[in-house]
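Working notes, structure below.
Quick caveat, the model's predicted, so the values are computed rather than measured. Each chain gets a letter, A, B and so on, in the order the sequences are listed, and its residues count up from 1.
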Number of protein chains: 2
Amino acid sequence: MTENDKLTEEKIFESATVVFINKGMDGTRMKDIADHAGINKALLHYYFRTKERLFNAVFEKIAGTMFRKFAPVFDKDLSLDDKIRFFFREHITFLQQNPGLPGFFINEINRNPERIKKFLSKIDIKSLWSMLCAQHGEELKKYNITEETLPQIMVSIASMSVFPFAARSVLEGLFGKMGIDFTQFIEERKTFAADFILKALKE
Amino acid sequence: MTENDKLTEEKIFESATVVFINKGMDGTRMKDIADHAGINKALLHYYFRTKERLFNAVFEKIAGTMFRKFAPVFDKDLSLDDKIRFFFREHITFLQQNPGLPGFFINEINRNPERIKKFLSKIDIKSLWSMLCAQHGEELKKYNITEETLPQIMVSIASMSVFPFAARSVLEGLFGKMGIDFTQFIEERKTFAADFILKALKE
DNA sequence: ATATAGTTTAACTAATGAGTCAAATATATA
DNA sequence: TATATATTTGACTCATTAGTTAAACTATAT
């Protein structure tokens with residue numbers, strides 16, 4: 001039954017995604033995935049021959065999802081200001097729903113740096129770049145954004161959004177004593193980060 | 001011989017530090033550490049009974065080193081401006097010399113969030129906090145920094161410095177095509193980050 | 001009802017890696 | 001040099017885990 005086939009395969013894939021995100025490649029046992037999917041180990045190997053194949057499939061999917069979240073920055077028809085506000089609102093909301101992604105991702109790109117480099121070679125970053133310049137040439141000039149500072153700014157924007165989730169337990173450890181709630185901190189960060197970046201860009 | 005003892009123990013500890021940073025707890029074999037130290041596996045267990053004990057010792061040391069790097073922010077006698085410039089210069093230089101630390105650290109705090117929370121409970125963050133307020137009360141007011149935004153700003157500062165190292169392979173993957181060199185990007189970041197933060201703080 | 005193809009399983013193998021230990025070696029001391 | 005003590009090792013055990021396989025189960029078509 002191809003119908004049921006798909007269901008089982010998807011169920012395994014989703015379970016693998018959850019377990020891999022929480023425990024990483026090295027920390028995950030095939031048994032954990034089988035248990036989570038409510039099936040047994042051999043069936044896992046029936047659908048995905050090896051742990052590595054299963055992990056690669058999961059990683060590719062996750063990497064795709066993560067990078068697609070940056071896409072609106074390039075193709076939405078908004079002013080630079082609005083794009084930055086839009087980005088932080090949407091991206092942090094996405095990470096609220098997937099708080100384990102940054103930790104998982106950083107772990108895996110350090111465990112196997114070549115994989116992500118190969119993955120990124122598929123992305124035509126230069127055309128995204130010139131698209132951005134074409135869309136916002138005026139604003140970029142107004143904000144004194146040069147070819148040299150643009151990468152620094154982009155990395156800063158990504159840092160502001162991603163880092164707090166990657167360092168969550170540290171922040172919780174520090175915040176606990178001061179009566180700050182991580183969840184609320186993140187909620188406030190959606191607007192804080194946008195305002196902060198925009199203030200840094202404007203004279 | 002207690003003298004020789006110390007030497008061997010230190011040699012093991014340093015080897016363990018190097019290997020753990022590069023491969024993480026899960027990815028490290030006791031054999032790897034023994035080989036790196038030029039001794040055999042049993043001797044490892046003679047000095048550090050289990051892998052977990054050895055790892056904990058290494059982790060505590062590293063966590064201590066990392067957090068001590070933030071100390072000058074609290075006890076140097078500098079203006080807020082100079083402190084921020086000083087911080088990025090010193091902290092990024094430290095990470096240039098230890099580029100694997102952020103990845104290692106983020107990996108381990110996600111693998112075992114409780115450990116770092118216990119570690120942080122030893123730090124009296126509240127007194128550091130009020131120290132900062134006492135030192136820079138005037139400037140904080142001038143820059144419109146409130147009790148609500150201070151945590152957001154601190155996290156932003158840490159993000160700007162740490163994140164590029166944690167995401168190094170991603171940046172290298174993206175930069176490669178654009179003719180940007182990671183090493184140079186980091187060098188420039190020492191001043192860029194300070195200027196960027198200060199501009200965001202000033203009206 | 002029975003044969004067939006598609007699913008699922010329990011029990012297995014083989015490899016790996018943490019941790020142990022008795023014996024060997026080196027070192028210090030008398 | 002002989003003895004005692006400290007240090008180091010090779011070879012082991014035991015537990016865990018990825019991956020295999022033969023058999024059992026299920027649904028459907030004839």
Are the side chain of Asn98(A) and the backbone N or O of Leu101(A) linked by a donor-acceptor pair below 3.5 Å?
no

Ring centroids only, cut at 6.0 angstrom: are Phe70(B) and His91(B) within range, meaning strictly under it?
yes

Can you tell me the distance, in whole Å, between the NZ atom of Lys11(B) and the P atom of dT7(D)?
13 Å

Using whole Å, what does the distance between atom C1' of nucleotide dG19(D) and atom CD1 of Ile33(A) come to?
14 Å

Atom-to-atom span, CG of Leu43(A) to P of dG19(D) - whole angstrom
15 Å

Distance check needed: dT9(C) P versus Leu44(A) CG, whole Å only.
12 Å

Taking only N/O atoms, report every protein-nucleotides 10-17 of chain C pair under 3.5 Å with atom names and distance.
from    : atom 1 : to       : atom 2 : distance (Å)
dG17(C) : OP1    : Arg29(B) : NE     : 3.3

May I ask you to check whether Phe182(A) and Phe175(A) place their ring centres under 6.0 Å from each other?
no

Could you pull out all donor-acceptor pairs under 3.5 Å where a side-chain atom in residues 118-126 of chain A meets a protein atom, sequence neighbours excluded?
from      : atom 1 : to        : atom 2 : distance (Å)
Ser121(A) : OG     : Lys118(A) : O      : 2.5
Lys122(A) : NZ     : Glu60(A)  : OE1    : 3.3
Asp124(A) : OD2    : Ser127(A) : OG     : 3.3

Taking Glu139(A) for its side chain and Ser79(A) for its backbone only, find out whether a donor-acceptor pair lies under 3.5 Å.
no

Can you tell me which residue pairs pass the ring pair (Phe, Tyr, Trp, His ring centres under 6.0 Å) test with a partner in residues 148-168 of chain B, sequence neighbours excluded?
none

Could you please name the option among dT20(D), dT8(C), dA18(C) that lies closest to any side-chain atom of His45(A)?
dT20(D)

Roughly, in whole Å, what's the span from CD1 in Ile39(A) to P in dG6(C)?
19 Å

Under 4.0 Å: is that the gap between some side-chain N or O of Tyr46(B) and OP1 or OP2 of dT7(D)?
yes

Asp35(A) has an atom CG; how far is it from atom P of dT9(C), in whole Å?
12 Å

Euclidean distance, atom OH of residue Tyr47(B) to atom C1' of dT20(C) [Å, nearest integer]
18 Å

Nucleotide dT7(C), atom P - distance to CD of Glu9(A) in whole Å
11 Å

